[in-house]
Amino acid sequence: MTRADLLAKLAKQSVFDLAVIGGGATGLGVALDAVLRGFSVVVLESHDFGGGTSSRSTKLLHGGVRYLAQGNISLVREALAERAAVLKIAPHLAQPLPFVMPSYSWWQTPFYGLGLKLYDLLAGRAGLGKTELLSVTEAQDALPGLRKQGLLGGVKYWDGQFDDARLALALARTIERSGGLPLNYMEVRELNRSTEQGADDARFDLNVKDKRSGQTISLRARAVVNATGVWVDKLRQQSACSSRLPAPERLVSASQGVHVVVDRAFMPGEHALLVPKTQDGRVLFAVPWMGSVILGTTDTPRQDLPREPQAFEEELNFILKEAGKVLSRPLERRDIRSVWVGLRPLVAANGPAGNTKGLSREHTIVTDANGLITVTGGKWTTYRAMAEDVLDACFDAGVLPARSGGATRGHALVGASAAQTHKSLCESPGEHLYGSETTQLRLCPGADKALGLGLTEAMVRFAARHEYAWSVEDILARRWRALFIDAVEAIEMAPRVAEILRSETSEDPGLEAFLALAQHYQPQDTA
Ligand SMILES: Cc1cc2nc3c(=O)[nH]c(=O)nc-3n(C[C@H](O)[C@H](O)[C@H](O)COP(=O)(O)OP(=O)(O)OC[C@H]3O[C@@H](n4cnc5c(N)ncnc54)[C@H](O)[C@@H]3O)c2cc1C
């Protein structure tokens, strides 16, 4: 459906069973689960699908090796099962990935080897491959970029990797295909307890701003789920205030995570690298992704909650320094091609202020006295299981009638085909990311017109026609990950993308705004 079709459908529906606010991993997961149970659902996303934290993750489908170290067995076991579920429903956007933990001390191989054997056991039949102890030569063969000096071997284990922004998009499109209404660029400004609760049972009135047209739209819903990530507290407070309830306590304590992207030459091969303990106790990943290598991440408490957080100087230095300790080629600031930053929605309750490493990575669901259900925390890997918990909370609170679920575990997302095997996300991006829609993609004009970093004119047209894309940012940051791979090249590609988008939508595609945004993804050379 075009945006006009989606808006016409919105205008026709007098009341929805469920309005989900926030179109990241969490909100989209909840919406798909509810639609597949037969509820009428609208998703309202103030920016683009996945435009918040959900496009800025490390892109790992993982049980969480470090949660294992913390003894959080149930979290690890659940995430390992969910890892398998995502690999199954979106094989075009997710793949198993081998990791190597190099050993530079005698005790590391037996110690980490044992822990990772337990990881295999917890995965059970959802396991992706066996943990192996590697000799020095085997570790070097797997990771040719590894520092050789002092290397004593390593441990190889398996996890998964995915394209987070395109998975969010696939969820949104699957919601639409299943009868739901996903709308991006729709900001919920007010969420009020309905004054006229009549026969339709609507509990909430929502006041929404269409950020593309500037129009204000009102709609009604029986149940509302607040899945606005690190921003959940603002909406809870506004809605409590309008229901004359006491202001709720802050739920989220955000933590910033920085990633930098460098050339694949720093770490060739198809294995990822995990440093289990850096100087300050964090883990560090180096992950081959889309023809480049992602290095990260950091864990820095952040009180303000900007849409586009900036990396702090010390975070960049930390990543370069720690990666430099395990990679054979020296890394410098000028080697960075892109820097991007995400905010983790960690659950604040009882957490030690200022130390976000110690806060819970599990999700939390809160039902307010006015019936608003808020969900936050968790991780991408477990979005599907979180959604089931949210639906249960809606039933427990009596805001939706109970209906059985579980369909999301095997429900293939748009683009997935039963015949498709996993494609490499390590290599440069290409048509394979479209899965079963590749033929349809090629029908768009310009399939042979390359725009850079694997993007073609046809892909831009396809995104405008079928993937809710409107702006240059939508294309170059999320439909295609150019900005996340190489900010300078993305800037060069932008004018041509803008031209194609304008010819598709006849709207201003926001070229200037993109060029300003892209500056933040370029490392500032302070040397
Ligand atoms: C650095 C980092 C690395 C990570 N790595 C991994 C990883 O490798 N694997 C993994 O499984 N997890 C990872 N995670 C965790 C994972 O990314 C998050 O848990 C997940 O993306 C959170 O999704 P969300 O939908 O809750 O939040 P978001 O994606 O932020 O979505 C919330 C949405 O709500 C919208 N919104 C806000 N206010 C309004 C409003 N008033 N009206 C309408 N919409 C609104 C926002 O625009 C936003 O899009 C990582 C997180 C970070 C920060």
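Every number for a ligand or one of its atoms is a count from 1 in the order of the listing.
Note: no N/O pair closer than 3.5 Å links Glu187 and ligand 1 by distance alone. Ligand 1 has an N or O atom lying under 3.5 Å from an N or O atom of Thr381, backbone or side chain. The shortest N or O to N or O distance between Ala25 and ligand 1 is below 3.5 Å.
In Gln256, neither the side chain nor the backbone holds a heavy atom less than 4.0 Å from any atom of ligand 1.
For atom 45 (C) of ligand 1, the nearest non-hydrogen atom of the protein is Ser46 OG, 3.3 Å. Of the protein's non-hydrogen atoms, Thr53 N, 3.0 Å is the one closest to atom 30 (O) of ligand 1. Protein heavy atom at the shortest distance from atom 26 (O) of ligand 1 is Thr26 OG1, 2.7 Å. In terms of protein heavy atoms, atom 21 (O) of ligand 1 is closest to Ser54 OG, 2.8 Å. Regarding atom 42 (N) of ligand 1, its nearest protein heavy-atom neighbour is Val188 N, 3.0 Å.
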Report task. Please test His271 against Phe99 for ring-ring contact (aromatic ring centres under 6.0 Å, His included), starting from the C-alpha separation and ending with a verdict. Result -> CA-CA 5 Å; His271 286 68; Phe99 284 68; 9.2 Å; no
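In this view, Arg478 and Asp48, Glu473, Asp474 satisfy the salt bridge (Lys or Arg N to Asp or Glu O under 4.0 Å) rule, not counting sequence neighbours. Every residue two or more places apart in sequence or in another chain that forms a side chain to side chain donor-acceptor pair (under 3.5 Å) with Arg3 is listed here: Asn184, Asp210.
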